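Reviewing the structure listed below.
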Amino acid sequence: MVLPIALIGAGCFLGTIAGCEAVSVLGAAVRGKGDAVPKLYQLPAKRTVILVDAMEGAGVTNVLSPRGMRSLIASDMGYLLEQEKALPPGMLVPLRELDQVASQLGDDFALTPIDEIARRVGAQQVIHVVVEESSMRVLGTLFRPVAAVQVKVIDVEQGKRVFPQAMNLSTDGGGASGHRLSVPLESVDIDQGGPTVVSIYTRKLAQEVALHSGRLFYDWNKPDLGSKIK
């Protein structure tokens, strides 16, 4: 099953995008100087809401399913999109507006179609991120955080998915597969860890999901690994 849509927009868990810089440590803060990677989709300059869901059910492991982790993904992704000018300032829906809709709908919020939620917050497009699976996968004495994610953009006015491909919402429901990403972190020695390290790396994994998802919508550069070789 898909967990209820995270009650987040372009903002930190209890604030707006302006407060995110102080609490999020993003890999994007260090700009690469290696090969250029072009964006896969140019976001139209429309009022946008970021919704993050997580799959859950029998046989599914998802350490990023808690609301706090999904909120972190959305807030960091929104911060990146503004910093990299993928969207003009003021185009992202703030948290408080989505919270108001969630309060109005109550238990029906999780059952409400994505495009209807978008209309209620005045959004013209939705960036929908679904964490299909995420885990601290154990490899011998190491654990290797990894997540499987899909990302899509829905044009609310046209009633169809515009990224990665157009599809009518009447048949798709906004739930069909989007652009799939595999998001791994480097392996960590379990013997050096414990609950605190697992918590830290779960947060890092959420931030990497935000980074990889955001990069679909702006040009970026890979790290210049050659410059590190002496």
Side-chain angles (χ1 to χ4, degrees), residues 2-24 26 28 39 41-54 64 66-131 149-163 169 173-175 178-179 206-207 209-218:
V2 177
L3 289 176
I5 294 170
L7 305 186
I8 38 75
C12 294
F13 191 51
L14 293 175
T16 60
I17 201 71
C20 292
E21 186 172 6
V23 298
S24 295
L26 296 170
K39 57 181 167 286
Y41 180 73
Q42 175 67 58
L43 289 169
K46 296 181 177 182
R47 185 168 164 85
T48 303
V49 62
I50 300 173
L51 300 177
V52 180
D53 280 326
L64 298 182
R67 177 180 173 182
M69 291 297 101
R70 290 180 285 139
S71 297
L72 177 60
I73 292 169
S75 62
D76 278 3
M77 187 175 176
Y79 173 75
L80 282 169
L81 294 179
E82 286 201 334
Q83 287 294 108
E84 299 295 333
K85 298 180 172 56
L87 282 171
M91 286 292 174
L92 288 165
V93 175
L95 169 66
R96 62 183 179 277
E97 295 184 25
L98 203 55
D99 277 341
Q100 289 172 358
V101 172
S103 297
Q104 293 168 4
L105 293 175
D107 292 341
D108 291 333
F109 182 78
L111 304 176
T112 304
I114 291 172
D115 56 327
E116 174 61 23
I117 292 174
R119 289 190 181 93
R120 284 175 175 262
V121 295
Q124 298 166 298
Q125 68 184 351
V126 179
I127 301 175
H128 188 206
V129 179
V130 178
V131 182
V149 181
Q150 58 169 283
V151 184
K152 53 182 167 282
V153 179
I154 297 169
D155 186 297
V156 178
E157 296 171 314
Q158 296 183 46
K160 66 180 182 181
R161 192 176 69 202
V162 293
F163 174 81
L169 287 181
H179 181 86
Q207 292 177 321
V209 167
L211 178 60
H212 282 68
S213 300
R215 281 176 170 174
L216 297 174
F217 308 115
Y218 59 83

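Note that the structure is predicted; figures quoted are calculated from it, not measured. Numbering of residues begins at 1 and proceeds along the displayed sequence.
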Steps toward side chain to side chain contact (heavy atoms under 4.5 Å, CB included) verdict (Val156, Arg119): CA-CA 7 Å; Val156 178; Arg119 289 190 181 93; 3.6 Å; yes

Apply side chain to side chain contact (heavy atoms under 4.5 Å, CB included) to residues Val129 and Leu51 and explain how you reach the verdict.
CA-CA 6 Å; Val129 179; Leu51 300 177; over 6 Å; no

From CA spacing to verdict: side chain to side chain contact (heavy atoms under 4.5 Å, CB included), Leu81, Ile50: CA-CA 11 Å; Leu81 294 179; Ile50 300 173; 4.3 Å; yes

Evaluate Leu43 against Phe163 for side chain to side chain contact (heavy atoms under 4.5 Å, CB included), listing each step before the verdict. CA-CA 9 Å; Leu43 289 169; Phe163 174 81; over 6 Å; no

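Rounding to the nearest 0.5 Å gives a distance of 8.5 Å between CD of Gln207 and CE of Met69. Between the CG atom in Leu105 and the CD atom in Gln100 there is a gap of 12.0 Å [rounded to 0.5 Å]. Residue Phe109 holds its CZ atom at 4.5 Å from CG of Leu98, rounded to the nearest 0.5 Å. Taking CG of Asp53 as the reference point, atom NE2 of His128 lies at 3.5 Å (rounded to 0.5 Å). To the nearest 0.5 Å, atom OH of residue Tyr79 and atom CG of residue Leu92 are 13.0 Å apart. Taken to the nearest 0.5 Å, the CE atom of Met91 stands 9.5 Å off from the CD atom of Gln125.
Lys39 and Tyr218 get closest at one heavy-atom pair: CB-N, 3.3 Å. Heavy-atom minimum distance, Ala54 versus Arg70: CB-CD, 3.9 Å.
Annotation: side chain of Thr112 is not in contact with side chain of Val101 (no heavy-atom distance under 4.5 Å). Looking at Leu80 and Phe217, their side chains never come closer than 4.5 Å, going by heavy atoms from C-beta outward. Here the side chains of Ser213 and Ile73 are not in contact, with every heavy-atom distance at 4.5 Å or above. Contact annotation: the side chain of Tyr41 never approaches that of Val151 to less than 4.5 Å [non-hydrogen atoms, C-beta and beyond]. Side-chain contact check for Leu87 versus Thr48: some heavy-atom pair is nearer than 4.5 Å.
Judged by distance alone, the side chain of Arg47 and the main-chain N or O of Gly122 form a donor-acceptor pair under 3.5 Å. Side chain of Ser75 to main chain of Leu72: a donor-acceptor pair is present (N/O by atom type, distance under 3.5 Å, no hydrogens or angles).
Take Glu157 and apply the side-chain contact (heavy atoms from CB on, under 4.5 Å) test, not counting sequence neighbours, and it matches Lys46, Gln124, Asp155.
Listed by first then second residue, pairs satisfying salt bridge (charged side-chain N to carboxylate O under 4.0 Å, His left out) with a partner in residues 120-129 read Glu116-Arg120, not counting sequence neighbours.
Under a cut-off of 6.0 angstrom, the local environment of CG in Asp108 is crowded, with over 12 non-hydrogen atoms contributed by other residues, nucleotides or ligands.
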